Trainee: 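Before we start, here is the structure in question, set down as structure tokens.
Residue indices begin at 1 and follow the sequence shown. Just so it is clear, the model here is predicted, and its values are computed rather than measured.
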Amino acid sequence: MAILLFVISLLPILWMIVSLGALKWAGYKASFVAMVIAFVLAVLVFKMSPYNGLSAALEGVAMALWPIVVVIIAAVFLYNTCLHNGSMEVIKNMITGVSKDKRILCLLIAWCFGGFMEGMAGFGTAIAIPAGMLANLGFSPLLACLVCLIANGTPTPFGSIGIPTVTLANLVGLDSARLAFVEVLQLSPLILLSPFIMVAITGKSFKAIKGVFWITLASGLSFLLPELIVTYFVGAELAVVVGSIVSLLVTIMLAKIHDKRHPSGEYDLVMEGSRESLPLSKVVRSWLPFVLVFVFLLSTSILVKPVNDFLAVFKTSVQIYQGEGGTPYTFTWINTPGVWIFLAALIGAVVNKMRLADVVYVFKATVIQMSKTIITMFCVLATAKIMGYSGMINNIAGMFVMSLGIMYPLVAPLIGALGTFITGSGTSSSVLFGNVQLNAAASIGVDPYWMVALNSLGVAAGKMLAPQSIAIGLVAVKKDGEDGVLMKQVFPYVVLYVAVMAIVAFFGQGLIDFIV
């Protein structure tokens with residue numbers, strides 16, 4: 001009976017994989033059917049009342065709307081305003097002034113800048129904006145999405161100023177700084193591996209690594225080492241922000257040296273026309289929205305406690321789910337990344353002398369562009385809430401713990417990946433499975449920090465494959481509807497990451513005794 005319930009609990013997830021990967025359904029259609037399947041199973045098999053099922057779905061929709069949909073619309077709106085007013089062309093010229101080599105540009109934009117966006121804002125901005133920038137440079141739209149999905153996996157546990165890790169630590173009662181350090185230790189092989197995979201994908205062969213091996217290694221190391229130092233001495237909040245900035249500076253420096261030694265090559269972008277000198281005022285205006293995003297998000301984060309505490313007052317808590325175990329859902333009206341990104345976009349539009357009519361036009365076009373993605377977000381989060389409140393998710397995790405015993409660490413990251421695949425969020429995965437991992441650690445005698453951190457390790461794989469992440473990337477490059485194609489492309493890398501995670505999870509347990 002337990003095995004049958006386990007299989008039934010997996011059906012909404014299996015449907016998403018089959019419908020997107022094999023049947024090639026669009027994400028918004030596949031996720032809607034998954035939501036219906038979850039609702040029917042919750043009512044008929046898990047004895048959830050239809051009313052509670054609907055309220056669970058409504059809570060998922062609310063969570064998707066605020067903050068996720070808001071922040072994604074704001075991020076794409078910012079990018080679209082930069083396209084409309086010519087700022088993105090200036091940024092493009094500056095970036096290609098660092099290097100014309102596509103492999104290095106991929107590292108600069110998807111890895112370094114994408115990591116920075118994840119560390120500051122999260123919620124899909126690290127996929128949407130870098131993917132759009134790469135596509136604008138001439139990258140194939142799907143390739144741009146693919147490398148950004150891979151780049152976005154490892155920073156996710158520290159996204160939005162460390163929220164997923166801090167939330168996880170508070171949930172299970174562990175020290176957040178120590179947990180963050182263990183997470184980075186576990187992620188280390190993938191942080192070093194990801195840039196190489198991205199370069200190989202960009203060059204369409206592992207031969208593409210030749211000539212940029214040391215830059216690629218340095219880009220990964222200069223991201224990893226600051227993360228280790230920051231998490232050990234400070235905590236989770238600024239780990240990825242500092243890592244991405246150091247990586248960006250190191251990669252730029254080495255790229256300049258590389259381009260002097262190799263003025264042309266087979267991986268260079270084909271640039272039309274000659275590069276013109278840009279006045280400083282134009283450069284400042286073009287970069288201003290991105291600088292403002294950094295300033296706004298940092299100055300309103302938990303690192304600036306007086307401002308954060310003041311803005312935290314502007315919130316509303318509403319009891320949406322009416323069943324047992326439901327807690328009020330809080331709408332934070334001002335201090336949420338979407339609000340600040342949107343404000344930065346508006347200021348950037350004004351400074352770059354966009355007319356109000358043009359701003360309104362771009363905003364409307366952005367909402368229309370993202371309409372199917374918004375439906376996907378609503379349905380995916382509604383499915384996640386139905387599965388969570390009905391007991392499906394606990395049933396899946398419980399079966400793994402019960403059946404595997406001391407071998408459970410092998411699949412512990414897979415549990416974290418599963419949570420992120422369902423919700424598209426590292427934070428939500430932490431909330432869903434944090435206590436499952438803690439209880440598993442106690443039952444099989446594994447260090448709780450190591451076991452709980454494995455949930456965040458799995459986030460790297462789940463984030464890459466999450467329908468939410470895929471939909472966000474595709475809408476940014478105007479290829480929405482090709483979810484199944486992109487899922488097929490990213491799936492082999494997810495399998496590779498899961499295999500590496502299993503090895504780290506099982507054989508790396510002794511590291512914590514020597515290092516932490």
Trainee: To the nearest 0.5 Å, how far apart are CG in L193 and OG in S188?
Mentor: 12.0 Å
Trainee: Can you tell me how far CG of L179 sits from OG1 of T165, rounded to the nearest 0.5 angstrom?
Mentor: 6.0 Å
Trainee: Apply side-chain contact (heavy atoms from CB on, under 4.5 Å) to residues M133 and Y79 and explain how you reach the verdict.
Mentor: CA-CA 8 Å; M133 293 172 73; Y79 174 74; 4.0 Å; yes
Trainee: Restricting to non-hydrogen atoms, name the atom on L134 and the atom on C148 that form the minimum distance, rounded to 0.1 Å.
Mentor: CD1-SG, 3.9 Å
Trainee: Using the rule given for side-chain contact (heavy atoms from CB on, under 4.5 Å), can you reason through I73 versus I374, listing the C-alpha separation, both sets of side-chain angles and the distance that settles it, and then say yes or no?
Mentor: CA-CA 9 Å; I73 289 177; I374 292 170; 3.9 Å; yes
Trainee: Rounded to the nearest 0.5 Å, what separates atom CD in E59 from atom CG in L54?
Mentor: 13.5 Å
Trainee: Assess, by modelled atom type and distance only, whether the side chains of S55 and Q322 contain a donor and an acceptor separated by less than 3.5 Å.
Mentor: no
Trainee: Quick one: does any side-chain atom of S247 pair with a main-chain N or O of S219 as donor and acceptor, under 3.5 Å?
Mentor: yes
Trainee: Quick one about T154 and S194 (side-chain donor to acceptor, distance below 3.5 Å, no hydrogens or angles considered), yes or no?
Mentor: no
Trainee: Pairs in or reaching into residues 404-430: which pass salt bridge (charged side-chain N to carboxylate O under 4.0 Å, His left out), with residues at least two apart or in two chains?
Mentor: none
Trainee: For the residue pair A505 and W450, what are the closest heavy atoms and their distance?
Mentor: O-NE1, 3.1 Å
Trainee: Take a 6.0 Å sphere around CD1 of I406 and say whether it holds more than 12 heavy atoms from other residues, nucleotides or ligands.
Mentor: no
Trainee: Tell me whether the count of non-hydrogen atoms from other residues, nucleotides or ligands lying under 6.0 Å of CD1 in I3 goes above 12.
Mentor: no
Trainee: W66 side chain to T332 main-chain N or O, any donor-acceptor pair under 3.5 Å?
Mentor: yes
Trainee: Working to the nearest 0.5 Å, report the span between CD1 of I37 and CG of L11.
Mentor: 7.0 Å
Trainee: Looking at N395 and S9, would you say the former's side chain and the latter's main chain have a donor-acceptor pair under 3.5 Å?
Mentor: no
Trainee: What residues form a salt bridge (Lys or Arg N to Asp or Glu O under 4.0 Å) with D175, not counting sequence neighbours?
Mentor: none
Trainee: So M16 and V33, do their side chains get closer than 4.5 Å, heavy atoms only?
Mentor: no
Trainee: Using distance alone, with no hydrogens and no angle criterion, decide if S49 and N52 have a side-chain donor and acceptor under 3.5 Å apart.
Mentor: yes
Trainee: Could you list the residues that satisfy salt bridge (Lys or Arg N to Asp or Glu O under 4.0 Å) with K47, not counting sequence neighbours?
Mentor: none
Trainee: Considering residues at least two apart in sequence or located in another chain, which fulfil the side chain to side chain contact (heavy atoms under 4.5 Å, CB included) criterion with I229?
Mentor: F233
Trainee: Which heavy atom in A461 sits nearest to a heavy atom in Y497, and how many Å separate them?
Mentor: CB-CB, 4.4 Å
Trainee: Are there more than 12 heavy atoms of other residues, nucleotides or ligands under 6.0 Å from atom CZ of F6?
Mentor: yes
Trainee: Between V240, V230, V241, which is the residue that forms a side chain to side chain contact (heavy atoms under 4.5 Å, CB included) with F158?
Mentor: V240
Trainee: If you compare all heavy atoms of A441 against all heavy atoms of P448, which two are closest, and at what distance to 0.1 Å?
Mentor: CB-CA, 3.9 Å
Trainee: Are Y389 and E324 close enough, and set up right, to give a side chain to side chain donor-acceptor pair (under 3.5 Å), and what steps lead you there?
Mentor: CA-CA 8 Å; Y389 283 127; E324 185 180 349; over 6 Å; no
Trainee: I'd like to know if the side chain of W340 reaches the main chain of V293, judged simply by a donor and an acceptor atom lying under 3.5 Å from each other, with no hydrogens or angles considered.
Mentor: no
Trainee: Do I470 and C145 have side chains that get closer than 4.5 Å, going by heavy atoms?
Mentor: no
Trainee: Compare every heavy atom of P195 with every heavy atom of G220, then report the nearest pair and how far apart it is.
Mentor: CA-CG, 4.0 Å
Trainee: Output the distance between atom CE (M198) and atom CD1 (I201), rounded to the nearest 0.5 Å.
Mentor: 8.0 Å
Trainee: To the nearest 0.5 Å, what is the distance between CD1 on I197 and CG on L192?
Mentor: 11.5 Å
Trainee: Check for a donor-acceptor pair, side chain of T420 on one end and backbone N or O of G416 on the other, with a separation under 3.5 Å.
Mentor: yes
Trainee: Would you say that more than 12 heavy atoms from the other residues, nucleotides or ligands in this model lie under 6.0 Å from the CZ of F310, or not?
Mentor: no
Trainee: State whether a side-chain donor-acceptor pair under 3.5 Å links T316 with W333.
Mentor: yes
Trainee: Passes side-chain contact (heavy atoms from CB on, under 4.5 Å), Y329 versus V318? Steps please.
Mentor: CA-CA 5 Å; Y329 181 70; V318 181; 5.6 Å; no
Trainee: Please list, chain by chain and in numerical order, all residues satisfying ring-ring contact (aromatic ring centres under 6.0 Å, His included) with Y28, sequence neighbours excluded.
Mentor: none
Trainee: Identify, with sequence neighbours excluded, every residue that meets ring-ring contact (aromatic ring centres under 6.0 Å, His included) alongside Y408.
Mentor: none
Trainee: For F113, look at atom CZ and say whether over 12 heavy atoms of other residues, nucleotides or ligands are found less than 6.0 Å away.
Mentor: yes
Trainee: Please step through ring pair (Phe, Tyr, Trp, His ring centres under 6.0 Å) for the pair F491 and Y493, ending with a clear verdict.
Mentor: CA-CA 5 Å; F491 186 75; Y493 302 102; over 10 Å; no
Trainee: Give a yes or no on whether the backbone of A312 and the side-chain of N335 come within a donor-acceptor separation of less than 3.5 Å.
Mentor: no
Trainee: How close do F331 and A62 get, heavy atom to heavy atom, and via which atoms?
Mentor: CZ-CB, 3.8 Å
Trainee: Are any of the side-chain heavy atoms of V504 and P189 separated by less than 4.5 Å?
Mentor: yes
Trainee: Check the pair L149 / I127 against side-chain contact (heavy atoms from CB on, under 4.5 Å), numbers first and verdict last.
Mentor: CA-CA 6 Å; L149 286 170; I127 301 169; 3.8 Å; yes
